[in-house]
Visitor: 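Handing you this structure, nothing more for now.
It should be emphasised that the depicted structure is a prediction, and the values quoted were computed from it without experimental measurement. Worth knowing before you read on, the calculation uses all heavy atoms, side chains too, and leaves out hydrogens, waters and symmetry mates.
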Amino acid sequence: MRDGEWIAILDFGSQYSQLIARRVRELHVYSELIRFDTPAKILAARKPAGIILSGGPSSVFEPGAPLADPEIYRLGIPVLGICYGMQMTAHLLGGTVKPGNSREYGSASIRISNPSVLFKDLPDALDVWMSHGDQVEQMPTGFEKLAGTSTCPVAAMGDDSRRIYGLQFHPEVVHTPLGMEVLKRFVFNLCGTTGDWEMAQFIRESIRLIREEVGSNHVVCGLSGGVDSSVVAVLLQKAIGDQLHCIFVDNGVLRHGEAQQVENTFAGKFGIDLKVVDAADLFLDGLKGLIDPEQKRKTIGRIFIDVFAEEARKLGNIKCLAQGTLYPDVIESVSPIGGPSATIKSHHNVGGLPEKLDFKLIEPVRELFKDEVRILGSELGLPDEIVHRQPFPGPGLAVRILGEVTAARVTMLQQADLRVQQEITKLDNYRQIWQSFAVLLPVQTVGVMGDSRTYENVAALRVVESKDAMTADWCRIPYDTLARISNRIINEVQGINRVVFDISSKPPATIEWE
């Protein structure tokens, strides 16, 4: 990124923080989530074009509420506070914030009283998405009311002379139809960015940073065949050439035929230095008796790193480990910048790692969303079948087998999932499907096959559409496809006599069942 051509987003723990970053990048302006309490002098040294203060679950009245360095308002850099970010701005600059009469969550209509820059040439009334309990009662000196509602008199405020603004609503969500127009006015008109950030720039900058970080060391990369690790491998190969060594670990909980497919594709077709390690028995032994999904993830992560360390030692003096960690991976595990957001689940790329890691982590796509990684893969010349491959969790089928993971249950789910893939890929809109897979439940039900009574397992079908896994909705699959999947699994996979369809969206559910 160039000085003065990026937007800093201070994360106060909002569920939408990463969505703000994504929206800004959709405008072809680089954005980055950083610590909410980053000192102003450090922030100024990085020369952002603008600063966005995210929302968050806290109240400015709470003891220990997360607060920004007040000096950011004196840097002369445009600032936009969203929800909690607006309330904190009012609080830090001498205004007053009060608890609302009732929590306002959902759609609302704001009336523009002063278009200023943010609302210039927009309608006098805008449909917006609210999610707040507190609200600004008295604006700081120098601020003017820009918009309000009947329940929230100050729904937007601004100080044009200092270029500091606040929005009580969320412009980044789709429920605010003209929210992107508001963000455009901040990013372009107020911050003066050009909107020329492209993936080619990211590639050049990443190659430079990788070379600086790696130096003369060698890097071992976990290659799974998924889009994330594939893109990382090709990017690293472009950056450091024969200093890269890829290892594929068969952990025993992969999809049907996956190990052979990866070897044929990457070692055969692309000529990548690839070591295939069959560690299935080791992983399955470690998973014996484990029911808790966090224990499964951490166990797989621990064994994975142990296997990597052993194989890396065979390669020589390996100092660095490359991973395909993405932005949503990190955000869902813990706040990536040390902010106050809550843990949802440990991710395979960021959880379960030993405290004393023998490798220096190299995560070149850590700041990208999934769709951006796909664009990066295309720019790097990867074929469509890899670039558009559906995401697959690092712990594999272990988090799609609810309850204990055994070799028999893995085989059962592999066969069920194979039939899901074979049928789903026939759909015309297959490319629009984010993930489609089977889940093996720890439930047995009565069935009838022929003249015999059965008491066997239940498989759940999960098919969702999403852009980056932050939110997802279940796909409305044709009944004929559902019927074929159900019939094939029940008739062709021994041990399953019932198939159910998951119609939960994220949130409140997650995409994976564990």
Side-chain angles (χ1 to χ4, degrees), residues 222-229 247-262 276-308 323-326 328-329 332-333 343-354 389-421 435-444 457-462 464 469 489 493 495-496 502 506 509-514:
L223 184 55
S224 69
V227 61
D228 304 339
S229 64
I247 294 176
F248 175 82
V249 178
D250 183 350
N251 59 17
V253 286
L254 302 173
R255 288 167 288 198
H256 177 76
E258 188 158 17
Q260 189 61 52
Q261 181 186 34
V262 168
V276 177
V277 183
D278 183 358
D281 291 342
L282 184 63
F283 279 89
L284 290 174
D285 285 344
L287 289 168
K288 280 183 180 178
L290 296 185
I291 303 297
D292 181 78
E294 281 294 282
Q295 290 184 0
K296 291 181 187 178
R297 288 176 180 271
K298 292 182 183 299
T299 297
I300 289 175
R302 173 179 54 77
I303 297 175
F304 177 77
I305 293 300
D306 289 345
V307 172
F308 248 77
Q323 291 192 150
T325 308
L326 306 186
D329 298 343
E332 283 201 345
S333 302
T343 298
I344 297 175
K345 62 182 178 181
S346 296
H347 190 272
H348 60 276
N349 280 339
V350 292
L353 300 178
R389 190 177 189 188
Q390 292 184 359
F392 186 66
L397 301 181
V399 293
R400 293 178 179 174
I401 296 174
L402 276 63
E404 185 176 9
V405 179
T406 65
R409 299 189 81 201
V410 170
T411 299
M412 193 185 306
L413 184 56
Q414 284 176 332
Q415 292 301 315
D417 191 70
L418 175 62
R419 285 149 180 83
V420 172
Q421 305 312 319
Q435 278 178 285
S436 52
F437 55 89
V439 179
L440 188 61
L441 305 185
V443 175
Q444 290 183 306
N457 296 278
V458 178
L461 174 62
R462 182 69 158 147
V464 298
I489 290 176
V493 181
I496 296 176
D502 183 351
K506 175 185 179 181
T510 55
I511 295 177
E512 298 290 346
W513 278 48
E514 288 192 341

Visitor: Say whether, by atom type as modelled, one donor and one acceptor occur between the side chain of Arg297 and the main chain of Val399 under 3.5 angstrom.
Guide: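 Judged by distance alone, no pair lies under 3.5 Å.
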Visitor: List in chain and number order the residues that pass salt bridge (charged side-chain N to carboxylate O under 4.0 Å, His left out) with Asp278, two or more places apart in sequence or in another chain; answer none if no residue qualifies.
Guide: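 With sequence neighbours excluded, Asp278 shows a salt bridge (charged side-chain N to carboxylate O under 4.0 Å, His left out) to no residue whatsoever.
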Visitor: Can you check whether Ala280's main-chain N or O pairs, donor with acceptor, with Asp250's side chain at less than 3.5 Å?
Guide: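 A pair under 3.5 Å: no.
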Visitor: Going from CG on Leu223 to CG on Asp228, what distance comes out if it is rounded to the nearest 0.5 angstrom?
Guide: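 Here the interatomic distance stands at 11.5 Å.
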Visitor: Under 3.5 Å, which donor-acceptor pairs do the side chains of residues 391-398 form with other protein atoms, sequence neighbours left out?
Guide:
none

Visitor: Could you name each residue pair satisfying side chain to side chain donor-acceptor pair (under 3.5 Å) that touches residues 389-404, not counting sequence neighbours?
Guide: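 Every side chain to side chain donor-acceptor pair (under 3.5 Å) pair that includes a residue of residues 389-404, provided the two are not neighbours, is Glu258-Arg389, Gln390-Ser436, Arg400-Glu512.
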Visitor: Tell me, do Phe304 and Val249 make a side-chain contact under 4.5 Å, heavy atoms counted?
Guide: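 Yes. Closest side-chain heavy atoms under 4.5 Å.
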Visitor: Mark yes or no for whether Asn457, through its side chain, and Ile496, through its backbone, hold a donor-acceptor pair below 3.5 Å.
Guide: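 No, the answer is negative, given that no donor and acceptor are paired below the 3.5 Å cut-off.
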Visitor: If the condition is side-chain contact (heavy atoms from CB on, under 4.5 Å), which residues does Ala509 pass it with, not counting sequence neighbours?
Guide: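 Residues passing side-chain contact (heavy atoms from CB on, under 4.5 Å) with Ala509: Arg462, Ser504.
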Visitor: Check whether any side-chain heavy atom of Val253 sits under 4.5 Å from a side-chain heavy atom of Phe283, and report yes or no.
Guide: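 Not in contact.
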Visitor: Identify which one of Arg302, Glu294, Gln295 satisfies the side-chain contact (heavy atoms from CB on, under 4.5 Å) criterion when paired with Lys298.
Guide: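 Of the listed residues Arg302, Glu294, Gln295, the side-chain contact (heavy atoms from CB on, under 4.5 Å) partner of Lys298 is Glu294.
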Visitor: By side-chain contact (heavy atoms from CB on, under 4.5 Å), which residues pair with Ser224, not counting sequence neighbours?
Guide: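 Partners of Ser224 by the side-chain contact (heavy atoms from CB on, under 4.5 Å) criterion, ordered by chain and then number, come out as Ser229.
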Visitor: What is the distance from atom CG of Asp281 to atom CG of Asn251, rounded to the nearest 0.5 Å?
Guide: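 Going from the CG atom of Asp281 to the CG atom of Asn251 covers 12.0 Å.
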Visitor: Measure across Val493 and Arg419 and return the closest heavy-atom pair with its distance rounded to 0.1 Å.
Guide: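 For Val493 and Arg419, the tightest heavy-atom pair comes out as CG2-CD, 3.8 Å.
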Visitor: Can you find a pair of side-chain heavy atoms, one from Leu290 and one from Val405, that are under 4.5 Å apart?
Guide: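 Side-chain contact under 4.5 Å: no.
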Visitor: Run the salt bridge (charged side-chain N to carboxylate O under 4.0 Å, His left out) test against Arg409 and tell me which residues pass, sequence neighbours left out.
Guide: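 Here no residue qualifies.
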Visitor: Give the minimum heavy-atom separation between Val439 and Trp513, together with the two atoms involved.
Guide: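 Scanning both residues completely, I find the closest heavy atoms to be CG2-CD1, 3.8 Å.
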Visitor: Would you say the side chain of Leu284 lies within less than 4.5 Å of the side chain of Val410, judging by non-hydrogen atoms?
Guide: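 They are in contact (side-chain heavy atoms under 4.5 Å apart), so the answer is yes.
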Visitor: Given Ile489, which of Leu461, Val420, Asp417 fulfils the side-chain contact (heavy atoms from CB on, under 4.5 Å) condition?
Guide: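 Result: among Leu461, Val420, Asp417, Val420 is the only option passing the side-chain contact (heavy atoms from CB on, under 4.5 Å) with Ile489.
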Visitor: When you measure from the side chain of Lys296 to the backbone N and O of Ile401, does any donor-acceptor pair fall under 3.5 Å?
Guide: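 Checking the backbone N and O of Ile401 against the side chain of Lys296, a donor-acceptor pair under 3.5 Å is found.
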